[in-house]
Amino acid sequence: MSNIALIPVRGGSKSIPLKNIKIICGKPLVYWATKAASNSKVIDKVIVATDHIDIRNTVINFNLDKVEIYDRREENAQDTSSTKSLVLEYIENSNVEDDDNIFLIQATSPMITSKDIEGIYNKMLNEKADSALTCVSNKRFYWTKDGKPINHDINFRPRRQDFEGYMLENGACYINSVKNLKRIENVLNGKVCVYEMPEYTGIEIDEEFDFLIVEKLMQKYDRINNEKY
């Protein structure tokens, strides 16, 4: 059995051209997730799946252990392409076994650390879960657009400190076995393990202002010196 980290990075982002190699905290965005996966004791191989030569060359120049490049198909690197389609493409075209695990790790969550990757995997094993995902605790009150409360009773509205809240996906990491992925064609199935990351890791980088916010958070919480994680 092998644990394979799969990091999808395409070149065709419309909101921020070549977003995944835009510099954040002195390194290309894709560096941080790739470095965390490479440093993790539970990861055997890191696959960066891209369709763009500049991203390919950038990742190669990191000279990180365990890292390989997978040239993803053009049809699975479009704005309308799902991440699931890339995962299934990789499984179909790679020498993987049914009992291997795919760790889907997103470059747009650069605050993930090797400790997080090890933590989610160990929690998944301890809970004997079929799949796992990272989340952050969210204590917001949600409403529909037509003014209906979703997750609270307006007549018994709790104080925030008394509100247990919900777990919100932060998009950093998902785990499932190759066997399940081929059978279900979904990154999550069966008994799902939820691994909690710090609340400040809840921001995914999609727009320019996200870079500004995340860079400040990375500096504040010392995510820059990733080797210690």
Side-chain angles (χ1 to χ4, degrees), residues 7-8 10 13-16 19-20 24 29 32-33 36 78-87 102-113 115-117 119-176 180-181 183-223:
I7 304 177
R10 64 188 187 91
S13 174
K14 288 184 177 179
S15 58
I16 308 172
K19 171 178 67 178
N20 290 297
I24 182 169
L29 175 60
W32 300 105
Q78 307 300 313
D79 287 335
T80 56
S81 302
S82 66
T83 303
K84 178 182 71 174
S85 66
L86 169 65
V87 174
I102 300 293
F103 289 59
L104 176 62
I105 298 176
Q106 305 281 15
T108 48
S109 296
M111 287 185 284
I112 192 170
T113 69
K115 280 188 176 180
D116 293 320
I117 296 169
I120 184 177
Y121 181 61
N122 290 329
K123 190 169 189 282
M124 178 179 167
L125 293 180
N126 290 337
E127 294 184 1
K128 295 181 171 58
D130 299 294
S131 55
L133 77 160
T134 55
C135 290
V136 297
S137 179
N138 182 272
K139 294 189 176 185
R140 301 281 184 171
F141 297 117
Y142 290 99
W143 294 77
T144 64
K145 290 183 178 180
D146 59 353
K148 296 178 181 178
I150 295 174
N151 63 344
H152 66 287
D153 184 338
I154 60 173
N155 297 310
F156 301 96
R157 186 181 173 102
R159 298 184 307 163
R160 189 177 188 277
Q161 56 266 43
D162 298 327
F163 182 44
E164 184 177 347
Y166 294 87
M167 302 305 293
L168 173 71
E169 290 187 35
N170 68 350
C173 183
Y174 303 82
I175 308 175
N176 209 335
N180 284 340
L181 288 163
R183 182 171 59 90
I184 304 297
E185 296 191 357
N186 199 327
V187 294
L188 297 170
N189 79 291
K191 181 180 179 181
V192 178
C193 165
V194 175
Y195 176 80
E196 184 175 355
M197 288 177 62
E199 186 177 4
Y200 60 81
T201 67
I203 302 176
E204 298 179 70
I205 294 183
D206 292 313
E207 305 295 340
E208 287 281 358
F209 64 82
D210 294 329
F211 273 92
L212 300 175
I213 297 169
V214 171
E215 187 164 50
K216 291 296 183 183
L217 289 170
M218 290 176 71
Q219 292 167 349
K220 177 177 175 60
Y221 293 102
D222 195 22
R223 257 29 184 185

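Between F163 and F141 the shortest side-chain heavy-atom distance falls below 4.5 Å. Annotation: side chain of I16 is in contact with side chain of E208 (closest heavy-atom distance under 4.5 Å). Here the side chains of V214 and M218 are in contact, with some heavy-atom distance below 4.5 Å. Side-chain contact between F211 and L29: present, with at least one pair of heavy atoms (C-beta onward) separated by less than 4.5 Å. Put simply, the side chain of I112 reaches to within 4.5 Å of the side chain of C173, judged on heavy atoms.
M167 contributes atom CE, which lies 10.5 Å from atom OH of Y195 (distance to the nearest 0.5 angstrom). Expressed to the nearest 0.5 Å, how far CG of L104 lies from CG of L133 amounts to 11.0 Å. To the nearest 0.5 Å, the span separating CD1 on I203 from OG1 on T108 amounts to 12.0 Å. One distance of note links CD1 of I213 with CD of E207; it measures 11.0 Å at 0.5 Å rounding. With rounding to the nearest 0.5 angstrom, the CG atom of D206 is 5.0 Å from the NZ atom of K19. We find the OH-CG distance between Y174 and N186 to be 10.5 Å, quoted to the nearest 0.5 Å.
The aromatic ring centroids of F103 and Y121 lie less than 6.0 Å from each other.
Counting non-hydrogen atoms of neighbouring residues, nucleotides and ligands closer than 6.0 angstrom, the NZ atom of K216 reaches no more than 12 such neighbours. At most 12 non-hydrogen atoms from other residues, nucleotides or ligands lie less than 6.0 angstrom from CD of E199.
No donor-acceptor distance shorter than 3.5 angstrom exists from the side chain of N170 to the backbone of V136, with no hydrogens or angles considered.
Below 30°, between 30° and 60°, or above 60°: for Y221 and Y200 the angle between ring planes is below 30°, a parallel geometry.
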